[in-house]
Undergrad: 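After the structure tokens below, expect a handful of questions from me.
As the structure is a computational prediction, the values presented were derived from the model and not from experiment. Note that the numbering runs from 1 along the sequence shown for the chain. Just so you know, these numbers use all the heavy atoms, side chains as well, and skip hydrogens, waters and symmetry mates.
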Amino acid sequence: MEFNSKYRIITCQLFLLLMLLLLSGCIYDDLSKCFRGRVLSLNVTLPGDIPGSALQDISLYVFDENDLLLDILAVDVSEPVELNYPGVTGLHCVAWCNVGGGEVTMSPLEKGDTFSQGMVSLKRLTDVRSGGTLYRSPSDLFSGRLKLAVGASSGVEGSYRLYVGRMVASMNVTIRGLQGLSGSSGGDYSLVVRETTGSIDFGGIYGGDRASYSVRGSMNGRKEYVVPSFRLFPVFEGEGLIIDIYRDGSLLRSVTLEDDGSPIVPEVGTTLNVLLNFEGHVSVSVAVTKWNVVHIWKEYD
């Protein structure tokens with residue numbers, strides 16, 4: 001019985017000694033073998049008129065120092081995320097918000113894929129107008145990036161904040177004198193707004209296919225046809241929007257420029273208010289406001 005007890009004690013001592021040897025690089029001076037993880041706190045800053053509840057979901061894409069994908073994490077904005085990737089000397093983190101509702105398509109990335117493969121694209125619809133493909137209006141997208149050096153000599157400690165910003169524009173349209181334009185107050189009216197970029201990569205660069213949006217409105221008490229605010233991507237550099245007015249599927253008029261000859265350009269993070277006035281002479285007025293702030297057009301703007 002005494003022999004068995006001594007044997008057990010010696011076995012335990014050998015086991016503990018082995019564990020100490022394996023961990024010696026971590027408990028003594030060689031901290032390069034002791035990766036403790038880094039805490040990334042997502043602090044989402046939004047415009048004052050947008051509540052925190054505007055963020056429905058957050059996906060965090062974690063790449064290594066070579067921009068190869070390590071992980072895709074679902075993030076709660078109220079809690080920090082612990083990033084623990086032993087042997088990795090740098091992290092490149094990209095957050096995308098509100099991509100889970102089905103309005104946009106995310107690149108189907110897998111571990112080992114490159115940062116350059118990351119893309120968010122508008123979803124195509126089956127309807128086609130004037131030779132262009134129609135796309136679904138995007139969700140209220142937010143995104144941000146953060147790079148961290150996590151090697152032993154980096155001096156990186158504590159938690160970090162990854163700030164995100166809005167990645168889409170907003171637009172509404174008011175039409176006056178629609179009855180004079182069409183010759184009738186009846187019929188099924190709609191607009192096609194074209195053409196914007198169709199995708200945005202993880203670096204925040206817009207491009208891809210040319211996208212058009214089919215939107216509808218209704219008559220208000222002043223007999224104005226009003227299309228409420230919808231979201232869209234920015235236009236290609238040096239270009240502007242074209243607004244096509246349809247009645248019962250037939251094109252009535254296309255509008256391409258403001259009254260001063262400027263192109264109609266939506267700006268990311270703002271609302272583009274457009275007034276098309278066909279009462280008397282044709283006029284096109286534009287007002288850019290803060291996000292979701294609708295400009296009130298005076299009767300004789």
Undergrad: Is the closest side-chain heavy-atom distance between Asp113 and Phe63 below 4.5 Å?
TA: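 No, every pair of side-chain atoms sits at 4.5 Å or beyond.
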Undergrad: Where is the tightest heavy-atom contact between Val88 and Gly90, given as atom of each residue plus distance?
TA: CG1-O, 3.0 Å
Undergrad: Hey, any chance Val193 and Leu257 share a hydrophobic cluster, counting ILVMFWY side chains that come within less than 4.5 Å of each other, even indirectly?
TA: no
Undergrad: Run the side-chain contact (heavy atoms from CB on, under 4.5 Å) test on Val286 and Met171 for me, step by step, so that the C-alpha distance in whole Å, both residues' side-chain angles and the decisive distance to 0.1 Å come before the verdict.
TA: CA-CA 10 Å; Val286 168; Met171 177 179 178; over 6 Å; no
Undergrad: Would the distance check show the side chain of Asn277 and the main-chain N or O of Glu279 forming a donor-acceptor pair, the cut-off being under 3.5 Å?
TA: yes
Undergrad: In terms of hydrophobic clustering (I, L, V, M, F, W, Y; side-chain heavy atoms under 4.5 Å; direct or indirect links), are Val226 and Leu181 co-clustered?
TA: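 Cluster IDs for Val226 and Leu181 differ.
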Undergrad: Any donor-acceptor pair under 3.5 Å linking the side chain of Asn98 with the backbone of Asp140?
TA: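 Yes; judged by distance alone, with no hydrogens or angles, the pair exists.
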Undergrad: Considering all heavy atoms of both residues, which atom of Met167 and which atom of Trp96 are nearest to each other, and what is their separation?
TA: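 Nearest pair, atom of Met167 first, then Trp96: CG-CZ3, 4.2 Å.
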Undergrad: According to a hydrophobic-cluster definition based on side-chain heavy atoms being under 4.5 Å apart (Ile, Leu, Val, Met, Phe, Trp, Tyr only), do Leu60 and Met119 belong together?
TA: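 Different clusters.
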Undergrad: Who passes side chain to side chain donor-acceptor pair (under 3.5 Å) against Ser218, sequence neighbours left out?
TA: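 Listed in chain order: nothing, the list is empty.
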Undergrad: Should Leu191 and Asp244 count as side-chain neighbours, where that means a heavy-atom distance under 4.5 Å?
TA: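 Result no, sub-4.5 Å side-chain heavy-atom pair not found.
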Undergrad: Output, in order, the C-alpha distance, side-chain angles, deciding distance and verdict of side-chain contact (heavy atoms from CB on, under 4.5 Å) for Val104 and Leu141.
TA: CA-CA 9 Å; Val104 295; Leu141 295 175; 4.2 Å; yes
Undergrad: Are Asp248 and Ser250 linked by a side-chain donor-acceptor pair shorter than 3.5 Å?
TA: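 No, no side-chain donor-acceptor contact under 3.5 Å.
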Undergrad: What's the separation between atom CG in Leu241 and atom OG1 in Thr256, rounded to the nearest 0.5 Å?
TA: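 The OG1 atom of Thr256 is 10.5 Å from CG of Leu241, to the nearest 0.5 Å.
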Undergrad: Quick one: pull up CG in Leu70 and CG in Asn84 and give me the separation to the nearest 0.5 Å.
TA: 11.5 Å
Undergrad: Could you check Glu224 against Ile175 for side-chain contact (heavy atoms from CB on, under 4.5 Å), going step by step and ending with a plain yes or no?
TA: CA-CA 6 Å; Glu224 298 170 331; Ile175 303 178; over 6 Å; no
Undergrad: Kindly write out the residues that satisfy side chain to side chain donor-acceptor pair (under 3.5 Å) with Asp71, not counting sequence neighbours, or none if the list is empty.
TA: Tyr85
Undergrad: With Tyr206, which residues qualify under ring pair (Phe, Tyr, Trp, His ring centres under 6.0 Å), at least two apart?
TA: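 Result, ring pair (Phe, Tyr, Trp, His ring centres under 6.0 Å) vs Tyr206: Phe233.
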Undergrad: Does any pair with a residue in residues 230-240 pass side-chain hydrogen bond (donor to acceptor under 3.5 Å, both in side chains), and if so which ones, sequence neighbours excluded?
TA: Arg210-Glu239
Undergrad: So which atom in Ser143 and which in Ala95 form the shortest heavy-atom distance, rounded to 0.1 Å?
TA: OG-O, 2.9 Å
Undergrad: In the structure I gave you, are the side-chain heavy atoms of Tyr213 and Leu122 within less than 4.5 Å of one another anywhere?
TA: yes
Undergrad: Mind checking salt bridge (charged side-chain N to carboxylate O under 4.0 Å, His left out) for Asp188 and listing every partner two or more places apart, or none if nothing turns up?
TA: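 Only Arg216 meet the salt bridge (charged side-chain N to carboxylate O under 4.0 Å, His left out) criterion with Asp188.
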Undergrad: List for me each residue that meets side-chain contact (heavy atoms from CB on, under 4.5 Å) alongside Glu103, sequence neighbours excluded, and say none if there are none.
TA: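 Testing Glu103 for side-chain contact (heavy atoms from CB on, under 4.5 Å), a comparison that skips the adjacent residues, returns Arg136, Ser139.
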Undergrad: Considering non-hydrogen atoms only, spot the tightest contact between Pro263 and Gly240 and give its length.
TA: CB-CA, 3.9 Å
Undergrad: Are side-chain heavy atoms of Leu83 and Leu91 found at a separation under 4.5 Å?
TA: yes
Undergrad: Would you name the heavy atoms of Ala211 and Gly198 that are closest together and state the gap between them?
TA: CB-CA, 4.2 Å
Undergrad: Any chance you could measure Asp201, atom CG, to Ser116, atom OG, to the nearest 0.5 Å?
TA: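 Separation between the atoms: 9.0 Å.
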Undergrad: Does any non-hydrogen side-chain atom of Ser170 lie less than 4.5 Å from one of Asn292?
TA: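 The answer is yes; the side chains approach within 4.5 Å.
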Undergrad: Taking side-chain contact (heavy atoms from CB on, under 4.5 Å) as the definition, give me every residue that meets it alongside Arg145, ordered by chain and number, with sequence neighbours left out.
TA: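 Listed in chain order: His92, Val94, Phe115.
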Undergrad: Are the side chain of Thr197 and the backbone N or O of Phe236 linked by a donor-acceptor pair below 3.5 Å?
TA: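 Not confirmed, Thr197 side chain does not pair with Phe236 backbone.
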Undergrad: Got a donor-acceptor contact below 3.5 angstrom from the Tyr225 side chain to the Gly217 backbone?
TA: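 It does hold such a pair.
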Undergrad: Mind checking what makes side-chain contact (heavy atoms from CB on, under 4.5 Å) contact with Ser59, not counting sequence neighbours?
TA: Tyr61, Val99
Undergrad: Has the side chain of Ser212 got a donor or acceptor atom that lies under 3.5 Å from a matching backbone atom of Arg194?
TA: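 Side chain of Ser212 to backbone of Arg194: no pair is present.
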Undergrad: Between Leu69 and Thr114, is any pair of side-chain heavy atoms under 4.5 Å apart?
TA: no
Undergrad: With sequence neighbours excluded, what pairs up with Thr105 under the side chain to side chain donor-acceptor pair (under 3.5 Å) test?
TA: none
Undergrad: Just verifying a value: how many Å separate Ser214 OG and Tyr135 OH, rounded to the nearest 0.5 Å?
TA: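 Between Ser214 OG and Tyr135 OH, I get 14.5 Å after rounding to 0.5 Å.
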Undergrad: Check for me, please, whether Val265 and Val173 land in the same ILVMFWY cluster - side-chain distances under 4.5 Å, paths through other members count.
TA: yes
Undergrad: If you define the side chain from C-beta out and look only at heavy atoms, does anything of Cys97 sit under 4.5 Å from Asp57?
TA: no
Undergrad: State, with a plain yes or no, whether a side-chain heavy atom of Val282 is found less than 4.5 Å away from one of Arg253.
TA: yes
Undergrad: Under a 3.5 Å distance rule, please check whether Lys123 uses its side chain to pair with a backbone N or O of Gly102 as donor and acceptor.
TA: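 Answer holds: yes.
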Undergrad: By side-chain contact (heavy atoms from CB on, under 4.5 Å), which residues pair with Asn273, not counting sequence neighbours?
TA: Asn172, Thr271, Ala287, Thr289, Val294, His295, Trp297
Undergrad: First locate atom OG1 of Thr270, then atom CH2 of Trp291, and finally report the distance between them rounded to the nearest 0.5 Å.
TA: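 Spacing of OG1 (Thr270) from CH2 (Trp291) equals 8.0 Å.
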Undergrad: According to a 4.5 Å side-chain heavy-atom criterion applied to Ile, Leu, Val, Met, Phe, Trp and Tyr, with indirect links allowed, do Tyr189 and Ile242 form part of one hydrophobic cluster?
TA: no
Undergrad: Please walk me through it: do Leu134 and Val192 pass side-chain contact (heavy atoms from CB on, under 4.5 Å)?
TA: CA-CA 8 Å; Leu134 297 180; Val192 171; 4.0 Å; yes
Undergrad: Taking salt bridge (charged side-chain N to carboxylate O under 4.0 Å, His left out) as the test, write out the residues that go with Asp209, two or more places apart.
TA: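 Arg124.
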Undergrad: How many angstroms lie between CG in Leu162 and CG in Leu146, if you round to the nearest 0.5 Å?
TA: 5.0 Å
Undergrad: Mind checking what makes side chain to side chain donor-acceptor pair (under 3.5 Å) contact with Glu267, not counting sequence neighbours?
TA: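 Side chain to side chain donor-acceptor pair (under 3.5 Å) check on Glu267 returns nothing, list empty.
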Undergrad: Provide the closest heavy-atom pair for Ser285 versus Asp259 in the form atom of the first, atom of the second, distance.
TA: OG-OD2, 4.2 Å
